[in-house]
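Take this structure first; my questions come after.
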Number of protein chains: 2
Amino acid sequence: MSAALTNTIKSEVGREGILDAAASLFRQRGYGAVSLRSIAQAAGIKAGSIYYHFASKDEIVTEILNAGILAVHAEVVAAVDAVPAWESADVIVRAALRGHLRTLLEHGDYTSANVRIFGQVPLAVRDANLSARRGYEKYLDVLLSKLQADGAIRSDVNIGRFRLMLIGALNATLEWFDPAKGSAEELADDYADAFLYGILNQTGDSS
Amino acid sequence: MSAALTNTIKSEVGREGILDAAASLFRQRGYGAVSLRSIAQAAGIKAGSIYYHFASKDEIVTEILNAGILAVHAEVVAAVDAVPAWESADVIVRAALRGHLRTLLEHGDYTSANVRIFGQVPLAVRDANLSARRGYEKYLDVLLSKLQADGAIRSDVNIGRFRLMLIGALNATLEWFDPAKGSAEELADDYADAFLYGILNQTGDSS
DNA sequence: CGTTAAACCTAACAAATGTTAGGTAGGGTA
DNA sequence: TACCCTACCTAACATTTGTTAGGTTTAACG
């Protein structure tokens with residue numbers, strides 16, 4: 001019973017190969033345009049073989065969606081933890097936005113697949129992703145609430161609503177982001193400038 | 001040849017009935033989960049009858065997508081035109097956001113259907129909607145550029161990029177907006193506050 | 001060497017889909 | 001009244017889909 005457990009170095013496709021192929025296809029074509037046969041072909045196997053590793057298409061999608069959220073969540077936590085606690089709200093928020101956009105736009109296909117297909121997936125699959133999403137949302141809410149308690153964020157800002165606005169704006173970049181026109185971090189800095197300071201000229205002069 | 005043209009007051013379903021039913025279904029279920037048979041049933045006819053009014057499913061979707069963009073575009077133009085030209089950038093931008101969110105969240109199903117299914121639709125259909133989208137985007141760019149030329153918007157703000165951020169953030173509200181928890185206009189004001197002035201406390205005191 | 005089990009393949013299934021060809025009711029017009 | 005055209009219906013089609021049952025290969029282990 002140690003056969004496959006000891007030696008998986010061969011040219012096997014396996015769970016990971018299927019998930020990688022599926023995530024890549026979901027990212028670039030959306031949910032409805034990706035069949036099990038297209039996943040199988042991209043992975044280098046036949047459609048029926050998928051059922052050796054997964055019980056259903058929903059199971060594949062569920063796994064990809066969850067991995068996508070866990071990836072951003074972990075990356076943002078790491079990015080925020082990397083900045084000293086005494087740093088300004090500007091630096092902290094900027095680190096979070098950088099982490100989010102880096103994962104979404106430049107690292108792997110799981111987070112981008114999640115953002116792309118979440119709204120197209122069967123209800124049961126969406127529900128299976130809510131727990132992971134709530135975890136990430138909760139983390140952001142706590143982070144932002146601390147900054148508000150410190151007085152860095154205006155007290156009249158509704159944190160929950162701002163978090164929705166933030167995530168919505170960030171995730172929407174997936175539709176038009178072009179790596180040839182600038183990195184994800186440059187984009188994150190632009191977004192941070194707008195969200196933190198607004199776009200209006202606030203030099204008290206009204207010429 | 002004046003039969004149907006003169007008397008359409010009867011209990012006919014017609015093009016409009018099909019489009020309305022389809023837009024409503026697309027809005028709440030997404031593209032992939034809506035079949036021609038479900039559209040027909042919602043409209044009160046049989047699936048085959050749809051082909052008397054439309055040549056294909058794509059034609060229905062194309063028409064809905066275009067109507068959705070024209071609706072927001074028109075509403076935002078009307079909202080902006082309703083405010084005196086000498087008003088502040090705050091008032092002008094706020095009016096635009098209000099118009100956009102009102103149409104998206106409270107008026108009809110066409111704009112919301114567009115936002116919901118645009119990313120799920122066949123490429124040819126998406127392309128057929130790009131012209132209308134570019135028209136709306138161009139209008140916003142011109143509007144914002146004027147405000148920037150007046151010095152109201154900071155000169156280091158990239159207008160095209162900000163417009164993408166703005167539309168992305170606004171459209172994302174469709175996923176979680178709940179009319180029971182506040183109107184679209186209240187929401188628009190919150191968004192305007194954040195985008196115009198930022199969320200940071202900018203009272204020069206750093207206690 | 002023979003056995004075993006993991007990782008794949010083949011071939012088929014039922015269901016759902018967009019689409020089409022031909023038919024029908026019924027009000028308007030001549 | 002006879003005709004016509006609009007707006008629908010019926011019934012079927014080819015295709016694609018997720019899924020399944022049973023077979024084949026290959027490498028490790030005793």
Side-chain angles (χ1 to χ4, degrees), chain A residues 1-22 25-26 29-65 117 120-126 128, chain B residues 1-22 25-26 29-65 117 120-126 128:
Chain A
M1 65 161 67
S2 61
L5 292 178
T6 53
N7 189 0
T8 3
I9 317 124
K10 306 181 311 178
S11 63
E12 283 177 1
V13 176
R15 277 182 79 92
E16 273 193 59
I18 297 172
L19 289 173
D20 285 349
L25 289 178
F26 282 141
R29 300 187 195 172
Y31 178 75
V34 175
S35 65
L36 282 182
R37 282 171 178 81
S38 68
I39 294 175
Q41 188 177 14
I45 59 178
K46 296 304 168 68
S49 308
I50 291 180
Y51 285 83
Y52 178 75
H53 296 284
F54 300 92
S56 67
K57 187 184 184 185
D58 284 1
E59 189 180 315
I60 299 178
V61 182
T62 298
E63 206 141 325
I64 290 177
L65 290 185
I117 73 175
Q120 320 177 13
V121 121
L123 244 125
V125 177
R126 222 173 315 174
Chain B
M1 66 164 64
S2 60
L5 292 178
T6 54
N7 189 1
T8 3
I9 316 124
K10 305 184 309 179
S11 62
E12 281 178 2
V13 176
R15 277 181 80 92
E16 273 193 59
I18 296 172
L19 289 173
D20 285 349
L25 288 178
F26 283 141
R29 300 188 194 170
Y31 178 75
V34 175
S35 65
L36 282 182
R37 284 171 177 81
S38 68
I39 294 175
Q41 188 177 15
I45 59 177
K46 296 304 168 67
S49 308
I50 291 180
Y51 286 83
Y52 178 77
H53 297 283
F54 300 93
S56 67
K57 186 185 185 184
D58 284 1
E59 191 182 311
I60 298 178
V61 181
T62 298
E63 206 140 324
I64 289 177
L65 290 185
I117 73 175
Q120 321 178 13
V121 122
L123 242 126
V125 177
R126 222 174 313 174

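Quantities reported herein were computed from a predicted structural model and do not represent experimental measurements. Sequence lines set the chain letters: A, B, ... in the order given, protein chains first and strands last, and positions in each chain run from 1.
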* In whole angstrom, give the distance that lies between atom CD1 of B/Ile18 and atom C1' of D/dT6. =>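 Going from B/Ile18 (CD1) to D/dT6 (C1'), I get 14 Å.
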* Nearest whole angstrom, please: distance from the P of D/dT6 to the OH of B/Tyr52. =>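 So the two atoms are 5 Å apart, to the nearest Å.
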* To do: Taking all non-hydrogen atoms of both residues into account, name the closest pair between A/Val125 and A/Val61 and its distance.
  => CG1-CG1, 3.7 Å
* Please check the phosphate of C/dA6 (OP1 and OP2 only) for any side-chain N or O of A/His53 closer than 4.0 Å. =>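 Checking C/dA6 against A/His53, no side-chain N or O comes under 4.0 Å of OP1 or OP2.
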* **Residue list, side chain to side chain donor-acceptor pair (under 3.5 Å) with B/Arg29, at least two apart or on another chain** =>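 Side chain to side chain donor-acceptor pair (under 3.5 Å) check on B/Arg29 returns nothing, list empty.
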Please output the side-chain donor-acceptor pairs of residues 36-49 of chain A that fall under 3.5 Å, not counting sequence neighbours, one pair per line with the distance.
| from | atom 1 | to | atom 2 | distance (Å) |
| --- | --- | --- | --- | --- |
| A/Ser38 | OG | A/Ser35 | N | 3.0 |
| A/Ser38 | OG | A/Ser35 | O | 2.7 |
| A/Ser49 | OG | A/Lys46 | O | 3.4 |

* Asked: Is the closest side-chain heavy-atom distance between A/Ile60 and A/Ile50 below 4.5 Å?
  -> yes
* To do: Among residues two or more places apart or on two chains, list those pairs meeting ring pair (Phe, Tyr, Trp, His ring centres under 6.0 Å) that have a residue in residues 30-63 of chain B.
  => B/Phe26-B/Tyr31
* **Euclidean distance, atom CD1 of residue B/Ile60 to atom P of C/dG18 [Å, nearest integer]** => 10 Å
* Rounded distance in Å - NZ (B/Lys46) to C1' (D/dC9) ->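 The answer, rounded to whole Å, is 7 Å.
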* Structure fact -> Whole-Å distance, A/Gln41 CD to C/dC9 P, equals 12 Å
* All pairs passing side-chain hydrogen bond (donor to acceptor under 3.5 Å, both in side chains) where residues 56-65 of chain B contributes a residue, at least two apart ->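 Every pair satisfying side-chain hydrogen bond (donor to acceptor under 3.5 Å, both in side chains) with a residue in residues 56-65 of chain B: B/Arg15-B/Glu63.
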Close N or O pairs between protein and nucleotides 13-20 of chain D (under 3.5 Å):
| from | atom 1 | to | atom 2 | distance (Å) |
| --- | --- | --- | --- | --- |
| D/dG18 | OP1 | A/Lys57 | NZ | 2.6 |
| D/dG18 | OP2 | A/Leu36 | N | 2.8 |
| D/dG18 | N7 | A/Arg37 | NH1 | 3.0 |
| D/dG18 | O6 | A/Arg37 | NH2 | 3.0 |
| D/dT19 | OP2 | A/Tyr51 | OH | 2.7 |
| D/dT19 | OP2 | A/Lys57 | N | 2.8 |
| D/dT19 | O5' | A/Tyr51 | OH | 2.9 |

* To do: Provide, to the nearest angstrom, the distance between the CD atom belonging to B/Glu12 and the C1' atom belonging to C/dG26.
  => 11 Å
